[in-house]
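Everything below concerns the one structure shown next.
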Amino acid sequence: MAFDVVFIKQSVREFPVTVVRGVGQVMFQDSMWTGIFFLIGIFWGAYDEGFPLVAWGALVGVLVSTLTGYILKLPDQKGANGLWGFNGVLVGCAFPTFLANTVWMWIALVLCSALTIVARSGMDNFFGRWKLSSFTFPFVFCTWIFLLSARLFDGFPAENMGTPEFAHGVSGNISFKIVDLLEYWLRGISQVFLIKSWICGVFFLIGLAVSSWRAAMWAAIGSALSLLVAIVWSGPGQDIANGLYGFSAVLTAIALGATFCNFTWRSAIWAIMGTIVTVFIQAAMNAFFAPMGLPTLTGPFCIGTWMFLLPAYKFFLPEKQAS
């Protein structure tokens with residue numbers, strides 16, 4: 001009993017910081033200040049785009065998933081660093097984005113956010129065999145389950161999900177004005193949290209720079225590369241303008257360029273290759289999931305980063321330095 005009292009008191013003191021760190025960990029940053037800037041960006045962007053529920057969903061998601069980690073007393077030494085919360089915050093962004101605002105949607109959001117803790121524990125046990133992380137795949141997998149079930153459950157209609165159809169060619173045009181290209185570039189960063197706001201992207205870059213200038217640099221490079229590749233290969237104009245080819249590439253760039261590899265010119269080339277390949281994985285998954293009307297979420301980032309971390313070359317960081 002005494003142990004439980006001490007545990008509860010310590011958890012209450014740590015909880016607010018742990019929650020904020022969970023938001024920052026979406027982009028691999030164990031920083032309270034990064035999480036704060038990310039939250040500011042999420043709320044600004046969500047209200048600016050007319051979808052305030054996305055911001056509140058993000059807050060509920062990170063609170064629930066972090067609280068679940070504490071309640072279950074998971075043997076995760078990094079839980080206090082925010083690793084219980086980052087999948088939950090993404091669930092919280094996704095549900096109000098794709099599903100109708102009903103009480104059942106919010107209950108499902110809470111359930112799915114908690115489920116990511118269980119899924120992450122199991123997936124990390126599996127991927128740990130190859131010294132890999134599950135990254136955001138617990139969020140992706142659990143959210144896919146609920147989004148697909150929404151096609152049959154009227155309690156939370158999938159009113160904002162794509163219409164099931166076979167993938168088709170290029171649609172929409174883009175502007176090549178410098179100002180517009182800058183907005184597309186920043187949206188590629190903001191879409192990590194499913195928000196289409198260039199101002200939100202600025203907050204995210206600032207938040208990254210507060211913790212790691214290298215992570216901010218690679219986020220910028222990742223979004224720029226994805227924009228360039230999508231334009232050169234004539235991707236769908238509307239998706240390019242909305243930053244939908246950037247978010248997974250941004251995460252891959254940060255992972256390979258600033259988190260899991262050492263900082264040499266060889267690893268930089270490796271990170272650039274991985275980022276470019278992620279853009280093609282994004283397009284392939286978009287085409288694959290189009291008949292189901294299902295978003296790829298950050299699935300392309302997970303696949304692309306796993307692909308480039310599995311070879312385990314010598315320029316990768318030792319396991320104890322990777323987070």
Side-chain angles (χ1 to χ4, degrees), residues 25-29 83 86-87 90 116 119-120 122-144 167 188-189 191-192 214-215 217-230 232-233 235 239-240 243-290 292 294-323:
Q25 284 285 10
V26 172
M27 298 195 202
F28 305 100
Q29 304 307 304
L83 295 180
F86 69 95
N87 283 294
L90 292 174
T116 62
R120 177 179 176 269
M123 290 181 185
D124 277 353
N125 286 339
F126 175 79
F127 286 106
R129 301 174 184 178
W130 297 278
K131 298 181 180 180
L132 292 177
S133 166
S134 60
F135 298 132
T136 58
F137 197 67
F139 146 67
V140 173
F141 182 73
C142 294
T143 303
W144 278 344
I189 300 170
Q191 284 284 8
V192 170
R214 187 172 278 108
M217 178 188 73
W218 277 104
I221 291 172
S223 188
L225 280 174
S226 66
L227 180 59
L228 177 63
V229 171
V232 169
W233 268 271
D239 289 349
I240 294 173
L244 295 179
Y245 278 91
F247 60 94
S248 277
V250 165
L251 291 173
T252 299
I254 298 172
L256 297 178
T259 307
F260 295 102
C261 298
N262 58 30
F263 312 124
T264 66
W265 65 269
R266 288 186 178 87
S267 62
I269 293 174
W270 193 249
I272 290 171
M273 289 174 58
T275 301
I276 292 173
V277 168
T278 298
V279 181
F280 287 95
I281 295 173
Q282 178 79 64
M285 291 186 70
N286 286 349
F288 181 82
F289 284 112
M292 292 177 279
L294 193 66
T296 65
L297 305 175
T298 54
F301 147 64
C302 295
I303 294 174
T305 305
W306 288 332
M307 184 186 302
F308 277 79
L309 287 180
L310 273 171
Y313 287 131
K314 292 182 180 179
F315 53 73
F316 292 174
L317 288 172
E319 183 182 6
K320 66 180 180 179
Q321 297 182 34
S323 60

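These values consider heavy atoms only, across backbone and side chains, with no hydrogens, waters or symmetry-generated copies.
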Can you give me the closest heavy-atom contact between [X] and [Y], atom names plus distance?
X      : Y      : result
Gly304 : Thr278 : CA-OG1, 3.9 Å
Thr259 : Ile254 : OG1-O, 3.0 Å
Met27  : Ile189 : CE-O, 4.1 Å
Val26  : Leu251 : O-CD2, 3.4 Å
Thr305 : Ala255 : CG2-CB, 3.8 Å
Leu297 : Ser248 : O-OG, 3.9 Å

Would you say [X] and [Y] make side-chain contact, with heavy atoms under 4.5 Å?
X      : Y      : result
Ile269 : Trp265 : yes
Thr275 : Ser226 : no
Thr296 : Val140 : no
Arg120 : Leu83  : yes

Hey, is the main chain of [Y] close enough, under 3.5 Å, to the side chain of [X] for a donor-acceptor pair?
X      : Y      : result
Trp306 : Phe301 : no
Ser223 : Ala219 : no
Ser267 : Asn262 : yes
Thr116 : Pro138 : no
Trp270 : Phe308 : yes

**Asked** How would you list, by chain and number, every residue that makes a side-chain contact (heavy atoms from CB on, under 4.5 Å) with Ile272, sequence neighbours excluded?
**Response**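 Partners of Ile272 by the side-chain contact (heavy atoms from CB on, under 4.5 Å) criterion, ordered by chain and then number, come out as Trp218, Leu225, Ile276.
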**Request:** From the options Val279, Val229, Leu227, select the one residue that forms a side chain to side chain contact (heavy atoms under 4.5 Å, CB included) with Tyr245.
**Result:**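 The single option meeting the side chain to side chain contact (heavy atoms under 4.5 Å, CB included) with Tyr245 is Val279.
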**Asked** Given Phe127, which of Lys131, Arg129, Met123 fulfils the side chain to side chain contact (heavy atoms under 4.5 Å, CB included) condition?
**Response**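 By the side chain to side chain contact (heavy atoms under 4.5 Å, CB included) criterion, Phe127 pairs with just one of Lys131, Arg129, Met123: Met123.
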Interatomic spacing from [atom1] in [X] to [atom2] in [Y] - rounded to 0.5 Å:
X      : Y      : atom1 : atom2 : value
Cys261 : Leu256 : SG    : CG    : 5.5 Å
Ile303 : Gln282 : CD1   : CD    : 10.0 Å
Asn87  : Thr143 : CG    : OG1   : 8.5 Å
Ile281 : Cys302 : CD1   : SG    : 10.5 Å

**Message:** Is the distance between the ring centroids of Phe260 and Phe135 under 6.0 Å?
**Reply:**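 Between Phe260 and Phe135, which both carry aromatic rings, the centre distance is below 6.0 Å.
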